[in-house]
There are 2 protein chains.
Amino acid sequence: MKAEGVRARVRAEMTEEIKAVARRHLASDGANLSLRAVARDMGMASSAVYRYFASRDDLLTALIIEAYDSVGAAAERAVAAAAGSGAGFADRLVLVGHAVREWALAEPHQWALIYGSPVPGYQAPQDTIGPATRVVLQIAAIIRDAYAAGRTGPQPEIAGRYAEELEAVADQFGPGVPPRLIGAGMAAFIQLCGAVSAELFGQLNNSVDEDRRGFLEFQMRGAAAFIGLT
Amino acid sequence: MKAEGVRARVRAEMTEEIKAVARRHLASDGANLSLRAVARDMGMASSAVYRYFASRDDLLTALIIEAYDSVGAAAERAVAAAAGSGAGFADRLVLVGHAVREWALAEPHQWALIYGSPVPGYQAPQDTIGPATRVVLQIAAIIRDAYAAGRTGPQPEIAGRYAEELEAVADQFGPGVPPRLIGAGMAAFIQLCGAVSAELFGQLNNSVDEDRRGFLEFQMRGAAAFIGLT
DNA sequence: GCCACAACGAGAGCACTGCTCTTGCATTTT
DNA sequence: AAAATGCAAGAGCAGTGCTCTCGTTGTGGC
């Protein structure tokens, strides 16, 4: 006599299995994920899937959240390991960069799902904005720790209207940290996303073909220098 | 009596009109471009379009080339104008950044087409790699001019396997320029792509919402500093 | 224990897609 | 003038997302 009936448990299992099969299809076929194909793969009618996900977009949203959580967890592991081994702050940024890149190389379609062009007509629901910030939060954490340790170097003045805006961002991602630092951290995150996307989406073809890992490190060290990490 | 018959001219006009209509559809409906809808819009049967483009991917390829050329031309105009007005080299990089960003804001779906996640199953043909390099070539040109003018500052040593690779890239984009400079230029280009994609694809939502133009400038000045432009 | 009810799976069906093949017509070439 | 070629249209195939209906099956209240 379960607190929740058999039906609820089966439903949860089915939901999970649909997501698993969909993830497999995503890995092989890319973003043109077919609900019918998933249903076929599970031996049930396509209409039955709609008992679990209201639409294809809903299924995609579930996969998007999982992807955000997955890459976020990878980043958190990298930062924790780097901090534990006493790596320097610039090295921590490099390490999280490598972790994110390697996750993306292992799951290219999931990367495309979250950082590529949005699915046409798709509007990200509120549920995604939490998981979406996990990796940038890790970069902010590095910066916060570096600032607390007094290892962020001298910060140039920032001018322009976005100065006050950076304050709001700083409140969100690193309260108490100078806004320029957080802004530079956001820039590092964006640069990381750009570098990984460039590698995955083919912008590096016929240019940087050999040591792309080294090229990413080159870029992340530049980002660390821009932040002022020593 | 034309050297090329009437038929050839009509064919060229039709091809151009199909591309124009497809571009309009792309702007409104995003990347899920429907050949049938384009055909409907032109008042002809969908099968007739196949006389001009062997497949939907072929049509997309044509649009991709046009998009590369369009953003490349925008970058070239910006660099030429900046050089003509005697702007500093760092400012030139900022200006080409703004030009690319503004083009992307005006044509978001075209941007997604060329710098977003690749269409599933789509393999970029050789025809695209030429136009694809037009904007990075402009960045390389800025760096080449700055180097020739002796305004690139001291260059740190680079280590790692990709050092020799950067030499090849340098030969391709800026012969005679120190490889690290070209590598930093590639990094600036990738950072620019990442920043624009982040803005267009929603990564900046709920974070940097106000002065995104200023935020891009912030990033491009960081890239200029990394290159060593003064 | 029974029964109403809600959840569920299956199937048919609609409108749409990319793409192919055939058929008839117009144009160009021989 | 005749043959060859280019072109447009229509039917058709296989696939898609999604909706609706119709039996079935598990669940909670009496």
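Just so it is clear: chains get the letters A, B, ... in the order the sequence lines come, proteins before strands, and each one is counted from 1.
At least one side-chain heavy atom of W111(A) sits less than 4.5 Å from a side-chain heavy atom of V100(A). Using a 4.5 Å heavy-atom cutoff, the side chains of R11(A) and E16(A) are not in contact. Residues E13(B) and E17(B) fail the side-chain proximity criterion, which asks for heavy atoms closer than 4.5 Å. In this structure the side chain of I143(B) reaches within 4.5 angstrom of the side chain of I227(B), judged on heavy atoms.
Looking at residues two or more places apart in sequence or on another chain, you find no ring pair (Phe, Tyr, Trp, His ring centres under 6.0 Å) involving Y52(B). With sequence neighbours excluded, no residue forms a ring pair (Phe, Tyr, Trp, His ring centres under 6.0 Å) with F215(B). Under the rule for a side chain to side chain contact (heavy atoms under 4.5 Å, CB included), the partners of V79(B) that lie at least two apart in sequence or sit in another chain are V96(B), Q138(B), I142(B).
Nearest to the side-chain atoms of S47(B) among the listed nucleotides dT25(D), dC7(D), dG10(D) stands dG10(D).
The aromatic rings of F189(B) and Y115(B) lie perpendicular to each other, with more than 60° between the two planes, well past the 30° mark.
In the 5' to 3' direction, nucleotides of DNA chain C lying under 4.0 Å from heavy atoms of chain B begin and end at dT17(C) to dT28(C).
Note on Y52(A): only backbone sugar-phosphate atoms sit closer than 4.0 angstrom, heavy atoms only; bases stay farther off.
Interatomic distance, L35(B) CG to F53(B) CZ, rounded to the nearest 0.5 Å: 9.0 Å. Within the model, atoms NZ of K19(B) and CD1 of I65(B) stand 8.0 Å from one another, a figure rounded to the nearest 0.5 Å.
Between R213(A) and E102(A) there is a salt bridge, since a side-chain N of the basic residue sits under 4.0 Å from a carboxylate O of the acidic one.
Scanning residues 10-22 of chain A for heavy-atom distances under 4.0 Å to DNA chain C yields R11(A), M14(A).
Look at CZ on R51(A): it is 12 Å from P on dC20(D), rounded to the nearest Å. Between L59(A) atom CG and dC18(D) atom C1' the separation is 14 Å, expressed in whole Å. Nucleotide dG17(D) holds its C1' atom 12 Å from the CG atom of L60(A), rounded to whole Å. Distance R56(A) CZ to dG17(D) P: 6 Å, rounded to the nearest Å.
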Any protein N or O atoms within reach of nucleotides 12-15 of chain D? Criterion: under 3.5 Å, listing atom names and distances.
from	atom 1	to	atom 2	distance (Å)
dG12(D)	O6	R36(B)	NH2	3.4

